[in-house]
Amino acid sequence: MIGILRKLKRFFPAPSGRAVMLSLDHGANEGMLTGLTRMPQLLEYVTTRNVQGVVLNKGYARAHGLTLPSNLPIVMQLSAGTRHGLPAWNKALVCSIPEALRLGADAVSVQINIGNELEDRMLSDFGSVTEEAHQHGLPVLAVIYAKGDRIVKELDPSLISHCVRLGGELGADIVSVPYSGDQPSFARAVQSCPAPVLVAGGPGQSNFDGLLHMIQESLDCGAAGVSIGRNVFQQENPEEALDRIIAMVHAMPSEEPEETDCTAADESAPAQGPSHPA
């Protein structure tokens, strides 16, 4: 496990101990997504900024891996699916651990969507990947969403808490989930997770200040950073957007931090209602 622990330290460096991970793997699912057509420029900019990792599919890792500095970790996305498939939330493994290693991966990523008829296969894939990746000293990032025909509200706080818990229970080294917007339940889930939790940027937002507010709330709840993609590369000025996110994530806390509502929920509080149809 020493190799995994050494690699993990690169994702959460001092002094902030937090990570900014730039996800550029959306093209497999979305196709010619606005913003991703300038991949070389995005990667060139990332190399000069305080970014702790870049998530790539294997084709772009092969094309651009040699242009990235050795101190910028490559997180190889092993899962893929397209928005045209049935169901659209299906993710299958399309890259192996040996191939990821040959392409210079410093960690691997698997996406798991829960609350649908393919959940069991995605969980099985994750278990197999984790076992093999750990044999080779590679950390595993689990990207977990609630997506499927049984899901009524994808950001239901109880569902997001379950996503966090699932990643911790199944041995992920880093967990990435959306932010639910409910500070007490999110803080409780993050604090109980044995792995650091990153907040995913989610769909593109027109209100960038609102995105920054969401990031700050999640950091106040104990999140270890962000894994963000389209809310950077689809901005009118991606470089400025990334700089503002980096400044927020890596800002050192003041000596007397302001009080927040981010207190862990009482264990005796009644459980939240079901978030899917009976």
Side-chain angles (χ1 to χ4, degrees), residues 21 23-31 33 55-58 75-96 100 107-133 139-182 185-186 189-190 193 195-205 214 218 223 226-231 272 274-278:
M21 203 172 293
S23 298
L24 300 176
D25 57 336
H26 300 68
N29 185 74
E30 301 290 339
L33 194 61
V55 183
L56 296 170
N57 288 309
K58 60 183 181 180
V75 181
M76 196 72 66
Q77 178 58 262
L78 305 186
S79 304
T82 77
R83 59 189 176 89
H84 311 293
L86 290 176
W89 46 79
N90 180 32
K91 297 293 179 181
L93 295 179
V94 295
C95 181
S96 68
V108 294
S109 174
V110 176
Q111 183 168 339
I112 307 156
N113 294 326
I114 65 169
N116 59 73
E117 67 274 27
L118 297 174
E119 174 188 292
D120 61 337
R121 199 259 300 144
M122 284 183 269
L123 289 173
S124 177
D125 286 347
F126 177 70
S128 299
V129 164
T130 303
E131 166 67 13
E132 187 174 3
V140 180
L141 166 66
V143 182
I144 309 178
Y145 294 93
K147 291 180 180 292
D149 50 10
R150 289 179 56 79
I151 302 301
V152 175
K153 182 183 177 184
E154 293 184 0
L155 296 183
D156 183 289
S158 65
L159 276 175
I160 299 302
S161 294
H162 197 159
C163 290
V164 174
R165 185 75 184 198
L166 183 64
E169 292 280 357
L170 297 187
D173 301 294
I174 307 173
V175 180
S176 176
V177 299
Y179 177 55
S180 66
D182 183 76
S185 65
F186 191 77
V190 169
C193 186
V197 177
L198 304 181
V199 170
Q205 297 188 25
M214 178 273 286
S218 67
V226 298
S227 177
I228 202 154
R230 67 184 81 211
N231 280 299
Q272 299 188 47
S275 55
H276 53 74

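Residues Ile114 and Cys163 meet the side-chain proximity criterion, which asks for heavy atoms closer than 4.5 Å. Inter-residue side-chain proximity for Leu159 and Ile151 is flagged as met; some heavy-atom pair is nearer than 4.5 Å. Gln111 places a side-chain heavy atom less than 4.5 Å from the side chain of Tyr145. Inter-residue side-chain proximity for Glu30 and Thr82 is flagged as unmet; no heavy-atom pair is nearer than 4.5 Å. The side-chain heavy atoms of Val75 and Val108, taken from C-beta on, include no pair separated by under 4.5 Å. Counting heavy atoms from C-beta outward, Ile228 and Met21 have side chains that stay 4.5 Å or more apart. Using a 4.5 Å heavy-atom threshold, the side chains of Pro178 and Glu154 count as separate. Proximity of Asp173 to Leu141: side-chain heavy atoms (C-beta onward) are nowhere separated by under 4.5 Å.
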- Query: So Val129 and Leu93, side chain to side chain contact (heavy atoms under 4.5 Å, CB included) or not? Walk me through it.
  - Reply: CA-CA 9 Å; Val129 164; Leu93 295 179; 3.7 Å; yes
- Message: For Ser185 and Asp182: C-alpha separation, side-chain torsions, deciding distance, then whether side chain to side chain donor-acceptor pair (under 3.5 Å) applies.
- Response: CA-CA 6 Å; Ser185 65; Asp182 183 76; 2.5 Å; yes
- Item | Residues Cys193, Val175; criterion side chain to side chain contact (heavy atoms under 4.5 Å, CB included); working and verdict | CA-CA 9 Å; Cys193 186; Val175 180; 4.2 Å; yes
- Message: Before you tell me yes or no, could you show the steps for Ser161 and Phe186 under side chain to side chain contact (heavy atoms under 4.5 Å, CB included), namely the whole-Å CA-CA distance, both residues' side-chain angles and the distance that decides it to 0.1 Å?
- Response: CA-CA 6 Å; Ser161 294; Phe186 191 77; 5.9 Å; no
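Summarising the geometry, atom CG belonging to Leu33 is positioned 5.5 Å from atom CZ belonging to Arg230; distances are rounded to the nearest 0.5 Å. In this structure, the separation between NE2 on His162 and CG on Asp156 is 12.0 Å, given to the nearest 0.5 Å. For the atom pair CG of Leu198 and OG of Ser176, the computed distance is 5.5 Å after rounding to the nearest 0.5 Å. Taken from CZ in Arg83 to CG in Asn90, the straight-line distance is 16.0 Å, to the nearest 0.5 Å. Rounded to the nearest 0.5 angstrom, Gln77 CD and Ser109 OG are separated by 4.0 Å. For the atom pair CD1 of Ile112 and NZ of Lys91, the computed distance is 12.5 Å after rounding to the nearest 0.5 Å.
Applying the side-chain contact (heavy atoms from CB on, under 4.5 Å) rule to Leu170 yields the partners Leu123, Phe126, Leu166; only residues at least two apart in sequence or on another chain are considered. For Asn116, the side-chain contact (heavy atoms from CB on, under 4.5 Å) partners are Trp89, Asn113, Leu118, Glu119, Met122, not counting sequence neighbours. Take His26 and apply the ring-ring contact (aromatic ring centres under 6.0 Å, His included) test, not counting sequence neighbours, and it matches Phe233.
The shortest heavy-atom contact between Ala200 and Met214 is O-CE, 4.2 Å. When every heavy atom of Asn57 is checked against every heavy atom of Ser79, the shortest pair comes out as OD1-O, 4.2 Å. Closest of all the heavy-atom pairs between Thr130 and Gly171 is CG2-O, 3.9 Å. Val140 and Ala133 get closest at one heavy-atom pair: CG2-CB, 3.6 Å. The heavy-atom pair separating Ser96 from Leu78 by the smallest distance is O-CD2, 4.3 Å.
The backbone N or O of Asp25 sits nowhere less than 3.5 Å from a side-chain atom of Ser23 that would complete a donor-acceptor pair.
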